[in-house]
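The chains referred to below are lettered A, B, ... by the order of the sequence lines, with proteins before strands, and numbering in each begins at 1. Because only heavy atoms are used, hydrogens play no part in the values below, and waters and symmetry mates are left out as well, while side chains stay in.
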Amino acid sequence: MDAGTKTWRHDRPRIREILRLESSPGRISVEGWVRTVRHGKGVAFLAVNDGSCLASLQVVIDAAAPAGATLPQVGTGACVRVRGRMVASPGTGQRWELAADELEVLGPVDETYPLQKKRHGPEFLREIAHLRPRTNLFGAVFRVRSRLAFAVHRFFQERGFLYVHTPIITANDCEGAGEMFRVTTLDPFHPPGAAGQAAWGEDFFGEKTGLTVSGQLEGELFAMAFADIYTFGPTFRAENSNTSRHAAEFWMIEPEMAFADLAADCALAEEFFRYLVKVALQECAEELAFFEEYVASGLTARLEAVAAAVFERMTYGEAIEQLQRSGRTFAFPVQWGSDLQSEHERFLTEHVVKGPLFVTDYPVELKAFYMRLNDDGQTVAAMDLLVPRVGEIIGGSQREERLEVLERRMRACGLVPESLRWYLDTRRWGSCPHAGFGLGFERFLMYVTGVENIRDVIPFPRTPGNARF
RNA sequence: UCCCCAGUAGCUCAGUCGGUAGAGCAGGCGGCUGUUAACCGCCUUGUCCGUGGUUCGAGUCCGCGCUGGGGAGCCA
(Lines give C-alpha, C1' and ligand atoms only; values in the text may rest on other atoms or scores of the structure.)
Protein backbone atom coordinates (compact mmCIF):
# COMPACT_ATOMS: atom_id res chain seq x y z
CA MET A 1 0.00 0.00 0.00
CA ASP A 2 1.73 3.08 -1.17
CA ALA A 3 -0.65 5.55 -2.68
CA GLY A 4 0.39 8.77 -4.29
CA THR A 5 3.47 7.70 -6.17
CA LYS A 6 2.05 8.17 -9.61
CA THR A 7 2.25 11.52 -11.24
CA TRP A 8 -0.46 12.97 -13.41
CA ARG A 9 1.99 14.42 -15.88
CA HIS A 10 4.72 12.39 -17.47
CA ASP A 11 6.86 15.45 -18.13
CA ARG A 12 6.96 16.43 -14.45
CA PRO A 13 8.01 13.51 -12.31
CA ARG A 14 7.70 14.12 -8.60
CA ILE A 15 10.84 14.19 -6.53
CA ARG A 16 9.35 11.45 -4.39
CA GLU A 17 9.34 9.13 -7.40
CA ILE A 18 12.69 10.20 -8.71
CA LEU A 19 14.49 9.52 -5.47
CA ARG A 20 13.25 5.96 -5.23
CA LEU A 21 14.15 4.88 -8.76
CA GLU A 22 16.39 1.88 -9.14
CA SER A 23 18.10 3.14 -12.26
CA SER A 24 18.62 6.51 -13.84
CA PRO A 25 15.70 7.74 -15.93
CA GLY A 26 18.17 9.73 -17.98
CA ARG A 27 17.26 13.29 -18.81
CA ILE A 28 14.41 14.80 -16.78
CA SER A 29 12.82 18.10 -15.88
CA VAL A 30 12.01 18.97 -12.27
CA GLU A 31 10.05 21.86 -10.79
CA GLY A 32 10.09 22.90 -7.19
CA TRP A 33 11.20 25.36 -4.54
CA VAL A 34 14.78 25.89 -3.48
CA ARG A 35 15.48 25.07 0.15
CA THR A 36 19.21 25.79 0.22
CA VAL A 37 21.92 26.95 -2.13
CA ARG A 38 25.53 25.93 -1.51
CA HIS A 39 28.28 27.42 -3.59
CA GLY A 40 31.58 25.73 -4.27
CA LYS A 41 34.37 27.02 -6.45
CA GLY A 42 33.30 25.61 -9.78
CA VAL A 43 30.09 23.97 -8.73
CA ALA A 44 26.94 24.80 -6.79
CA PHE A 45 24.30 22.66 -5.11
CA LEU A 46 20.60 23.35 -4.86
CA ALA A 47 18.24 21.43 -2.62
CA VAL A 48 14.95 21.44 -4.52
CA ASN A 49 11.73 20.35 -2.83
CA ASP A 50 8.34 19.89 -4.49
CA GLY A 51 6.33 18.88 -1.44
CA SER A 52 5.95 15.28 -2.58
CA CYS A 53 8.20 14.07 0.19
CA LEU A 54 10.37 15.31 3.00
CA ALA A 55 13.61 14.85 1.11
CA SER A 56 14.82 17.39 -1.38
CA LEU A 57 16.50 16.60 -4.66
CA GLN A 58 20.13 17.62 -4.88
CA VAL A 59 20.77 19.56 -8.07
CA VAL A 60 24.37 20.02 -9.14
CA ILE A 61 25.23 22.96 -11.31
CA ASP A 62 28.54 23.42 -13.00
CA ALA A 63 29.39 27.10 -12.99
CA ALA A 64 30.60 26.80 -16.55
CA ALA A 65 27.39 25.15 -17.82
CA PRO A 66 24.55 27.28 -19.26
CA ALA A 67 22.67 26.78 -16.00
CA GLY A 68 25.52 28.46 -14.14
CA ALA A 69 24.61 31.80 -15.70
CA THR A 70 21.20 31.76 -13.99
CA LEU A 71 22.61 30.74 -10.63
CA PRO A 72 23.09 34.21 -9.15
CA GLN A 73 19.29 34.76 -9.35
CA VAL A 74 18.55 31.69 -7.23
CA GLY A 75 18.13 32.14 -3.49
CA THR A 76 16.43 30.18 -0.73
CA GLY A 77 12.73 30.00 -1.55
CA ALA A 78 12.95 30.58 -5.29
CA CYS A 79 10.78 28.49 -7.58
CA VAL A 80 12.82 26.83 -10.29
CA ARG A 81 12.61 24.46 -13.23
CA VAL A 82 15.71 22.36 -13.74
CA ARG A 83 16.58 20.09 -16.62
CA GLY A 84 19.42 17.65 -16.72
CA ARG A 85 20.44 14.06 -16.27
CA MET A 86 19.93 11.97 -13.17
CA VAL A 87 23.25 10.54 -12.11
CA ALA A 88 24.45 8.49 -9.19
CA SER A 89 25.71 10.86 -6.51
CA PRO A 90 29.35 10.60 -5.58
CA GLY A 91 28.61 12.31 -2.27
CA THR A 92 27.09 10.72 0.77
CA GLY A 93 23.60 11.63 1.87
CA GLN A 94 21.77 10.92 -1.36
CA ARG A 95 21.68 8.19 -3.94
CA TRP A 96 20.72 10.29 -6.94
CA GLU A 97 21.36 13.82 -7.95
CA LEU A 98 20.40 15.92 -10.91
CA ALA A 99 23.30 17.17 -13.02
CA ALA A 100 21.67 20.28 -14.40
CA ASP A 101 22.37 21.93 -17.69
CA GLU A 102 19.29 24.16 -17.79
CA LEU A 103 18.12 26.25 -14.87
CA GLU A 104 15.06 28.47 -15.14
CA VAL A 105 13.81 30.75 -12.37
CA LEU A 106 10.01 30.63 -12.44
CA GLY A 107 9.57 32.70 -9.31
CA PRO A 108 12.48 34.65 -7.90
CA VAL A 109 12.85 35.67 -4.28
CA ASP A 110 14.52 38.66 -2.73
CA GLU A 111 16.22 39.10 0.60
CA THR A 112 12.92 39.81 2.35
CA TYR A 113 11.74 36.19 1.98
CA PRO A 114 11.02 35.25 5.58
CA LEU A 115 11.86 31.55 5.52
CA GLN A 116 15.49 30.76 6.05
CA LYS A 117 17.50 27.62 5.79
CA LYS A 118 17.49 27.23 9.52
CA ARG A 119 14.94 26.22 12.08
CA HIS A 120 12.12 28.60 12.84
CA GLY A 121 9.85 28.41 15.84
CA PRO A 122 6.23 27.34 15.30
CA GLU A 123 4.95 30.65 16.70
CA PHE A 124 6.79 32.63 14.05
CA LEU A 125 5.68 30.25 11.31
CA ARG A 126 2.05 30.65 12.41
CA GLU A 127 2.32 34.33 11.52
CA ILE A 128 3.26 33.31 7.99
CA ALA A 129 0.82 30.44 7.63
CA HIS A 130 0.72 31.14 3.90
CA LEU A 131 4.39 30.16 3.58
CA ARG A 132 4.83 27.57 6.30
CA PRO A 133 3.75 24.59 4.16
CA ARG A 134 7.13 25.06 2.47
CA THR A 135 8.93 24.01 5.64
CA ASN A 136 9.94 20.49 6.58
CA LEU A 137 7.71 20.39 9.65
CA PHE A 138 4.52 21.62 8.01
CA GLY A 139 5.21 19.69 4.83
CA ALA A 140 5.33 16.55 6.93
CA VAL A 141 2.26 17.49 8.99
CA PHE A 142 0.08 18.18 5.99
CA ARG A 143 1.18 15.13 4.07
CA VAL A 144 0.20 13.04 7.12
CA ARG A 145 -3.07 14.96 7.40
CA SER A 146 -3.95 14.23 3.79
CA ARG A 147 -3.02 10.58 4.03
CA LEU A 148 -4.98 10.04 7.23
CA ALA A 149 -8.04 11.91 5.97
CA PHE A 150 -8.12 9.46 3.10
CA ALA A 151 -7.62 6.56 5.53
CA VAL A 152 -10.66 7.70 7.50
CA HIS A 153 -12.82 7.22 4.45
CA ARG A 154 -11.13 3.94 3.59
CA PHE A 155 -11.80 2.56 7.08
CA PHE A 156 -15.50 3.28 6.98
CA GLN A 157 -16.06 2.50 3.32
CA GLU A 158 -14.39 -0.90 3.75
CA ARG A 159 -16.85 -1.62 6.55
CA GLY A 160 -19.93 -0.61 4.61
CA PHE A 161 -20.58 2.73 6.30
CA LEU A 162 -22.46 5.37 4.35
CA TYR A 163 -20.78 8.76 4.13
CA VAL A 164 -23.32 11.49 4.82
CA HIS A 165 -22.83 15.22 4.42
CA THR A 166 -24.58 16.77 7.36
CA PRO A 167 -25.44 20.47 7.13
CA ILE A 168 -22.97 23.21 7.92
CA ILE A 169 -25.73 25.72 8.58
CA THR A 170 -28.19 24.62 11.21
CA ALA A 171 -31.03 25.93 13.29
CA ASN A 172 -30.35 23.58 16.24
CA ASP A 173 -29.12 25.83 18.95
CA CYS A 174 -30.23 23.55 21.71
CA GLU A 175 -27.73 20.74 21.61
CA GLY A 176 -25.46 22.35 24.11
CA ALA A 177 -22.21 21.19 22.54
CA GLY A 178 -20.91 24.74 22.56
CA GLU A 179 -21.53 28.33 21.56
CA MET A 180 -22.54 28.78 17.95
CA PHE A 181 -21.42 31.23 15.33
CA ARG A 182 -24.43 33.12 14.04
CA VAL A 183 -25.30 32.94 10.39
CA THR A 184 -27.34 35.90 9.28
CA THR A 185 -27.94 38.24 6.38
CA LEU A 186 -29.62 40.87 8.53
CA ASP A 187 -28.16 44.36 8.31
CA PRO A 188 -26.18 44.79 11.52
CA PHE A 189 -26.61 48.57 11.41
CA HIS A 190 -30.32 48.62 10.67
CA PRO A 191 -31.79 45.36 11.99
CA PRO A 192 -35.51 44.81 11.50
CA GLY A 193 -37.88 44.65 14.44
CA ALA A 194 -38.20 46.63 17.59
CA ALA A 195 -35.14 47.90 19.39
CA GLY A 196 -33.71 45.32 21.73
CA GLN A 197 -35.54 42.50 19.97
CA ALA A 198 -34.03 40.30 17.29
CA ALA A 199 -36.42 39.62 14.44
CA TRP A 200 -35.03 36.26 13.36
CA GLY A 201 -38.21 35.62 11.41
CA GLU A 202 -37.02 38.26 8.96
CA ASP A 203 -33.65 36.60 8.54
CA PHE A 204 -32.60 34.56 5.50
CA PHE A 205 -33.87 31.23 6.81
CA GLY A 206 -36.81 32.67 8.69
CA GLU A 207 -35.31 31.56 11.99
CA LYS A 208 -32.15 31.87 14.02
CA THR A 209 -29.32 29.90 12.46
CA GLY A 210 -25.66 29.22 13.06
CA LEU A 211 -22.74 27.06 12.01
CA THR A 212 -22.93 23.47 13.13
CA VAL A 213 -21.32 22.34 16.35
CA SER A 214 -21.87 18.69 15.50
CA GLY A 215 -23.37 16.57 12.75
CA GLN A 216 -24.55 14.01 15.25
CA LEU A 217 -28.28 14.70 15.32
CA GLU A 218 -28.56 14.53 11.55
CA GLY A 219 -26.18 11.56 11.58
CA GLU A 220 -28.62 9.71 13.85
CA LEU A 221 -31.41 10.29 11.34
CA PHE A 222 -29.34 8.65 8.62
CA ALA A 223 -28.26 5.80 10.90
CA MET A 224 -31.93 4.97 11.30
CA ALA A 225 -32.16 4.43 7.57
CA PHE A 226 -28.71 3.20 6.51
CA ALA A 227 -27.72 1.52 9.80
CA ASP A 228 -24.03 2.44 9.62
CA ILE A 229 -23.04 5.96 8.64
CA TYR A 230 -20.28 8.46 9.24
CA THR A 231 -19.68 12.14 8.76
CA PHE A 232 -16.35 13.87 8.26
CA GLY A 233 -16.53 17.60 7.96
CA PRO A 234 -15.85 20.97 9.50
CA THR A 235 -17.29 21.88 12.86
CA PHE A 236 -17.48 25.27 14.51
CA ARG A 237 -17.40 26.36 18.12
CA ALA A 238 -17.62 30.00 19.13
CA GLU A 239 -16.20 29.28 22.57
CA ASN A 240 -13.60 31.71 23.80
CA SER A 241 -11.14 28.90 24.33
CA ASN A 242 -7.50 29.85 24.38
CA THR A 243 -5.64 26.58 24.62
CA SER A 244 -3.34 24.48 22.51
CA ARG A 245 -6.15 21.95 22.03
CA HIS A 246 -9.05 24.12 20.83
CA ALA A 247 -9.83 25.73 17.52
CA ALA A 248 -12.95 27.62 16.46
CA GLU A 249 -13.04 25.62 13.22
CA PHE A 250 -11.97 22.01 13.22
CA TRP A 251 -12.74 18.73 11.48
CA MET A 252 -14.66 16.01 13.18
CA ILE A 253 -15.40 12.40 12.28
CA GLU A 254 -18.69 11.10 13.62
CA PRO A 255 -19.80 7.53 12.97
CA GLU A 256 -23.27 6.44 14.05
CA MET A 257 -24.39 2.80 14.17
CA ALA A 258 -27.87 1.40 14.49
CA PHE A 259 -28.30 -1.76 16.58
CA ALA A 260 -25.15 -0.91 18.53
CA ASP A 261 -24.72 -0.48 22.26
CA LEU A 262 -21.97 1.24 24.22
CA ALA A 263 -19.66 -1.77 24.14
CA ALA A 264 -19.93 -1.92 20.35
CA ASP A 265 -19.33 1.81 20.22
CA CYS A 266 -16.08 1.45 22.18
CA ALA A 267 -15.05 -1.52 20.08
CA LEU A 268 -15.43 0.47 16.87
CA ALA A 269 -13.62 3.47 18.33
CA GLU A 270 -10.74 1.26 19.35
CA GLU A 271 -10.53 -0.46 15.98
CA PHE A 272 -10.73 2.88 14.18
CA PHE A 273 -8.09 4.51 16.34
CA ARG A 274 -5.71 1.60 15.92
CA TYR A 275 -6.33 1.48 12.17
CA LEU A 276 -5.32 5.12 11.76
CA VAL A 277 -2.23 4.68 13.88
CA LYS A 278 -1.18 1.70 11.76
CA VAL A 279 -1.76 3.66 8.57
CA ALA A 280 0.49 6.41 9.91
CA LEU A 281 3.19 3.88 10.81
CA GLN A 282 3.00 2.13 7.47
CA GLU A 283 2.43 4.97 5.05
CA CYS A 284 4.05 7.97 6.74
CA ALA A 285 7.27 6.42 8.01
CA GLU A 286 9.45 9.18 6.60
CA GLU A 287 7.35 11.88 8.27
CA LEU A 288 7.20 10.00 11.58
CA ALA A 289 10.97 9.67 11.57
CA PHE A 290 11.17 13.42 11.17
CA PHE A 291 8.75 14.04 14.07
CA GLU A 292 10.68 11.55 16.15
CA GLU A 293 13.88 13.50 15.64
CA TYR A 294 12.65 17.09 15.80
CA VAL A 295 9.28 17.12 17.55
CA ALA A 296 8.71 14.25 19.98
CA SER A 297 11.30 11.64 20.75
CA GLY A 298 9.79 8.27 21.58
CA LEU A 299 6.86 8.92 19.26
CA THR A 300 7.26 5.85 17.07
CA ALA A 301 7.59 3.48 20.00
CA ARG A 302 4.46 4.98 21.54
CA LEU A 303 2.49 4.54 18.32
CA GLU A 304 3.71 0.99 17.87
CA ALA A 305 2.66 0.20 21.42
CA VAL A 306 -0.79 1.63 20.82
CA ALA A 307 -1.15 -0.31 17.58
CA ALA A 308 -0.60 -3.52 19.53
CA ALA A 309 -2.35 -2.65 22.79
CA VAL A 310 -5.82 -3.53 23.99
CA PHE A 311 -7.40 -0.32 25.23
CA GLU A 312 -8.33 -0.32 28.89
CA ARG A 313 -11.92 0.24 29.98
CA MET A 314 -13.04 1.69 33.26
CA THR A 315 -16.35 3.06 34.45
CA TYR A 316 -16.56 6.55 35.81
CA GLY A 317 -17.15 5.03 39.26
CA GLU A 318 -14.01 2.92 38.99
CA ALA A 319 -12.08 5.94 37.79
CA ILE A 320 -13.17 7.90 40.85
CA GLU A 321 -12.04 5.03 43.09
CA GLN A 322 -8.68 4.82 41.33
CA LEU A 323 -8.13 8.52 41.79
CA GLN A 324 -9.12 8.42 45.44
CA ARG A 325 -6.90 5.40 46.09
CA SER A 326 -3.93 6.99 44.31
CA GLY A 327 -3.00 9.04 47.35
CA ARG A 328 -2.34 12.00 45.10
CA THR A 329 -3.51 15.46 45.94
CA PHE A 330 -5.29 17.08 43.06
CA ALA A 331 -6.09 20.73 42.63
CA PHE A 332 -9.73 19.70 42.16
CA PRO A 333 -11.23 17.30 44.69
CA VAL A 334 -12.26 13.88 43.50
CA GLN A 335 -15.76 12.79 44.37
CA TRP A 336 -18.56 10.87 42.72
CA GLY A 337 -20.73 13.31 40.82
CA SER A 338 -18.15 15.89 39.87
CA ASP A 339 -16.67 15.92 36.42
CA LEU A 340 -13.20 14.57 35.74
CA GLN A 341 -10.77 17.45 35.35
CA SER A 342 -7.86 17.50 32.93
CA GLU A 343 -5.47 16.61 35.72
CA HIS A 344 -7.60 13.58 36.62
CA GLU A 345 -7.88 12.40 33.05
CA ARG A 346 -4.17 12.76 32.49
CA PHE A 347 -3.36 10.89 35.67
CA LEU A 348 -5.58 8.01 34.64
CA THR A 349 -4.26 7.65 31.11
CA GLU A 350 -0.63 8.53 31.77
CA HIS A 351 -0.03 6.91 35.15
CA VAL A 352 -2.75 4.42 36.01
CA VAL A 353 -3.10 2.60 32.68
CA LYS A 354 -0.21 4.19 30.77
CA GLY A 355 -2.08 4.12 27.48
CA PRO A 356 -5.46 4.68 25.86
CA LEU A 357 -8.38 4.40 28.24
CA PHE A 358 -12.14 4.37 27.83
CA VAL A 359 -14.00 5.89 30.74
CA THR A 360 -17.66 4.95 30.59
CA ASP A 361 -20.97 5.42 32.38
CA TYR A 362 -20.80 8.97 33.67
CA PRO A 363 -23.32 10.49 36.07
CA VAL A 364 -26.38 11.64 34.19
CA GLU A 365 -26.02 15.23 35.37
CA LEU A 366 -22.66 15.59 33.63
CA LYS A 367 -23.68 14.56 30.16
CA ALA A 368 -25.87 15.61 27.24
CA PHE A 369 -29.57 14.86 27.00
CA TYR A 370 -29.29 12.38 24.13
CA MET A 371 -27.15 9.88 26.02
CA ARG A 372 -28.96 6.72 27.05
CA LEU A 373 -30.00 6.45 30.67
CA ASN A 374 -28.64 3.32 32.31
CA ASP A 375 -30.85 1.02 34.35
CA ASP A 376 -29.40 2.39 37.59
CA GLY A 377 -31.05 5.72 36.79
CA GLN A 378 -27.87 7.47 37.90
CA THR A 379 -25.54 7.11 34.95
CA VAL A 380 -25.65 7.32 31.18
CA ALA A 381 -24.07 5.07 28.55
CA ALA A 382 -21.35 7.57 27.66
CA MET A 383 -17.71 7.02 26.87
CA ASP A 384 -14.62 9.18 26.55
CA LEU A 385 -11.38 7.86 25.10
CA LEU A 386 -8.43 9.39 26.90
CA VAL A 387 -4.90 9.21 25.53
CA PRO A 388 -1.61 10.35 27.04
CA ARG A 389 -0.49 13.90 26.22
CA VAL A 390 -3.66 14.92 24.39
CA GLY A 391 -6.38 13.95 26.87
CA GLU A 392 -9.90 13.45 25.57
CA ILE A 393 -9.72 12.54 21.93
CA ILE A 394 -13.04 10.75 21.41
CA GLY A 395 -16.39 11.35 23.04
CA GLY A 396 -19.36 9.12 22.36
CA SER A 397 -22.39 7.38 23.73
CA GLN A 398 -25.22 5.01 23.20
CA ARG A 399 -28.17 7.24 22.31
CA GLU A 400 -31.47 7.36 24.17
CA GLU A 401 -33.85 5.57 21.84
CA ARG A 402 -36.90 5.60 24.20
CA LEU A 403 -39.15 8.54 23.35
CA GLU A 404 -40.55 9.09 26.85
CA VAL A 405 -37.17 8.92 28.52
CA LEU A 406 -35.65 11.22 25.92
CA GLU A 407 -38.38 13.83 26.35
CA ARG A 408 -37.98 13.70 30.11
CA ARG A 409 -34.21 14.16 29.79
CA MET A 410 -34.65 17.11 27.46
CA ARG A 411 -36.92 18.89 29.89
CA ALA A 412 -34.48 18.18 32.70
CA CYS A 413 -31.77 19.83 30.62
CA GLY A 414 -33.97 22.87 30.06
CA LEU A 415 -34.78 22.03 26.44
CA VAL A 416 -38.19 22.17 24.82
CA PRO A 417 -38.88 18.81 23.13
CA GLU A 418 -41.02 20.51 20.51
CA SER A 419 -37.94 22.36 19.21
CA LEU A 420 -36.45 19.04 18.07
CA ARG A 421 -39.65 17.45 16.84
CA TRP A 422 -37.92 15.95 13.78
CA TYR A 423 -35.28 14.35 15.98
CA LEU A 424 -37.87 12.90 18.33
CA ASP A 425 -39.83 11.54 15.36
CA THR A 426 -37.12 8.93 14.84
CA ARG A 427 -37.95 7.65 18.33
CA ARG A 428 -41.65 7.85 17.66
CA TRP A 429 -41.51 5.70 14.54
CA GLY A 430 -39.17 2.77 14.10
CA SER A 431 -36.79 3.71 16.86
CA CYS A 432 -33.82 1.46 17.47
CA PRO A 433 -30.85 1.20 19.78
CA HIS A 434 -27.91 3.06 18.32
CA ALA A 435 -24.58 4.57 19.30
CA GLY A 436 -21.85 6.77 17.92
CA PHE A 437 -18.87 8.92 18.72
CA GLY A 438 -16.92 11.94 17.58
CA LEU A 439 -13.19 12.04 16.92
CA GLY A 440 -11.49 15.40 16.64
CA PHE A 441 -9.33 14.99 13.57
CA GLU A 442 -6.80 17.63 14.62
CA ARG A 443 -6.45 16.09 18.07
CA PHE A 444 -5.73 12.79 16.44
CA LEU A 445 -3.11 14.43 14.26
CA MET A 446 -1.53 15.96 17.35
CA TYR A 447 -1.36 12.51 18.86
CA VAL A 448 0.17 10.93 15.77
CA THR A 449 2.66 13.67 14.94
CA GLY A 450 3.61 14.73 18.44
CA VAL A 451 2.88 18.35 17.50
CA GLU A 452 1.70 20.03 20.67
CA ASN A 453 -0.44 22.89 19.36
CA ILE A 454 -3.63 22.34 17.39
CA ARG A 455 -2.84 25.46 15.36
CA ASP A 456 0.06 23.57 13.82
CA VAL A 457 -1.89 20.61 12.46
CA ILE A 458 -4.61 22.60 10.66
CA PRO A 459 -3.63 24.53 7.53
CA PHE A 460 -5.11 27.90 8.47
CA PRO A 461 -6.16 27.89 12.11
CA ARG A 462 -9.13 29.89 13.38
CA THR A 463 -8.93 30.82 17.02
CA PRO A 464 -10.36 33.72 19.07
CA GLY A 465 -9.02 36.90 17.51
CA ASN A 466 -7.47 35.21 14.51
CA ALA A 467 -9.01 34.35 11.15
CA ARG A 468 -6.23 35.51 8.84
CA PHE A 469 -5.24 33.78 5.61
C1' U B 1 -12.88 34.35 30.49
C1' C B 2 -9.15 33.53 34.69
C1' C B 3 -3.85 32.64 36.40
C1' C B 4 1.41 32.70 35.05
C1' C B 5 5.44 33.92 31.59
C1' A B 6 7.47 36.54 27.44
C1' G B 7 8.08 40.64 23.61
C1' U B 8 15.66 43.35 21.82
C1' A B 9 18.33 43.25 13.98
C1' G B 10 14.65 39.63 8.66
C1' C B 11 15.07 34.83 12.13
C1' U B 12 17.04 32.51 16.96
C1' C B 13 18.62 34.76 21.14
C1' A B 14 22.37 37.39 24.91
C1' G B 15 22.34 42.04 27.34
C1' U B 16 25.28 41.68 34.79
C1' C B 17 24.00 46.55 39.68
C1' G B 18 19.73 51.59 35.82
C1' G B 19 24.96 54.56 32.41
C1' U B 20 22.40 55.28 25.42
C1' A B 21 22.85 47.57 22.22
C1' G B 22 25.60 42.56 20.77
C1' A B 23 26.32 37.26 18.76
C1' G B 24 24.99 33.36 15.38
C1' C B 25 22.11 32.67 11.10
C1' A B 26 19.92 35.34 6.86
C1' G B 27 21.51 39.38 3.18
C1' G B 28 26.03 41.81 0.31
C1' C B 29 31.28 41.24 -1.31
C1' G B 30 35.52 38.01 -1.60
C1' G B 31 37.79 33.05 -0.88
C1' C B 32 37.32 27.67 -1.07
C1' U B 33 38.60 20.57 -5.76
C1' G B 34 31.81 17.97 -4.59
C1' U B 35 28.73 20.54 -0.80
C1' U B 36 24.94 18.20 2.82
C1' A B 37 21.04 23.79 7.60
C1' A B 38 28.85 23.56 4.02
C1' C B 39 33.11 26.28 5.60
C1' C B 40 36.69 30.88 6.09
C1' G B 41 37.33 36.47 5.90
C1' C B 42 35.10 41.36 5.55
C1' C B 43 30.53 44.49 5.47
C1' U B 44 25.29 46.13 6.24
C1' U B 45 20.90 45.95 9.49
C1' G B 46 17.46 48.39 15.58
C1' U B 47 10.42 52.72 16.94
C1' C B 48 14.73 47.43 22.47
C1' C B 49 5.92 45.91 21.36
C1' G B 50 3.06 50.65 22.51
C1' U B 51 1.94 54.28 26.09
C1' G B 52 2.36 56.95 30.66
C1' G B 53 5.47 57.36 34.99
C1' U B 54 10.01 57.11 38.51
C1' U B 55 15.13 58.87 37.62
C1' C B 56 20.46 63.31 36.13
C1' G B 57 19.89 58.92 33.04
C1' A B 58 15.33 53.25 31.44
C1' G B 59 16.19 47.60 26.92
C1' U B 60 16.63 47.14 32.40
C1' C B 61 12.18 49.66 37.64
C1' C B 62 6.50 50.75 38.13
C1' G B 63 1.20 51.40 35.96
C1' C B 64 -1.99 50.61 31.75
C1' G B 65 -2.68 48.52 26.92
C1' C B 66 -1.50 45.22 22.69
C1' U B 67 0.53 40.66 20.83
C1' G B 68 2.40 35.78 21.60
C1' G B 69 3.18 31.38 24.68
C1' G B 70 2.02 27.95 28.88
C1' G B 71 -1.80 26.36 32.31
C1' A B 72 -7.21 26.29 33.84
C1' G B 73 -12.36 26.23 32.47
C1' C B 74 -15.33 24.34 28.16
C1' C B 75 -14.77 20.42 24.92
C1' A B 76 -13.24 17.22 20.05
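Remark: A:R35 is not in phosphate contact with B:rU36, judged by side-chain N or O atoms under 4.0 Å from OP1 or OP2. For the pair A:S244 and B:rG71, the criterion of a side-chain N or O lying under 4.0 Å from OP1 or OP2 is met. Side-chain N/O atoms of A:R443 include none lying less than 4.0 angstrom from OP1 or OP2 on B:rA76. Distances shown here put every side-chain N or O of A:N242 at or beyond 4.0 Å from the OP1 or OP2 atom of B:rC74.
Heavy atoms of A:H246 sit under 4.0 angstrom from at least one base atom. Across all strands, A:A47 comes closer than 4.0 Å to no nucleic acid atom at all (heavy-atom distances).
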With 3.5 Å as the limit, what N/O pairs link the protein to nucleotides 30-32 of chain B?
from	atom 1	to	atom 2	distance (Å)
B:rC32	OP1	A:K41	NZ	3.4
B:rC32	OP2	A:K41	NZ	3.2
B:rC32	N4	A:G40	O	3.4

Restricting both atoms to N or O, compile the protein contacts to nucleotides 25-28 of chain B shorter than 3.5 Å, with distance only.
none

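In this view, A:R313 and A:C266, A:E270, A:F311, A:F358 satisfy the side-chain contact (heavy atoms from CB on, under 4.5 Å) rule, not counting sequence neighbours. Every side chain to side chain donor-acceptor pair (under 3.5 Å) that A:D456 has, sequence neighbours left out, goes to A:R126, A:R132.
Within residues 87-99 of chain A, the residues having any heavy atom closer than 4.0 Å to RNA chain B are, in order of number, A:S89, A:P90, A:G91, A:T92, A:Q94, A:E97. Using a 4.0 Å cutoff on non-hydrogen atoms, the parts of residues 333-358 of chain A near RNA chain B are A:Q341, A:S342, ordered by number.
A:R159 forms a cation-pi arrangement with A:Y275, by the criterion of a distance under 6.0 Å to the ring centre and an angle within 45° of the ring axis.
A:R143 places a side-chain N or O within donor-acceptor distance of the main-chain N or O of A:G51, the cut-off being under 3.5 Å.
The aromatic ring of A:F45 does not stack onto the base of B:rG34, failing the criterion of a centre distance under 5.5 Å from the six-membered base ring together with planes under 30° apart.
Looking at A:D361, A:T360, A:N374 one by one, the single match for side chain to side chain donor-acceptor pair (under 3.5 Å) with A:T379 turns out to be A:N374.
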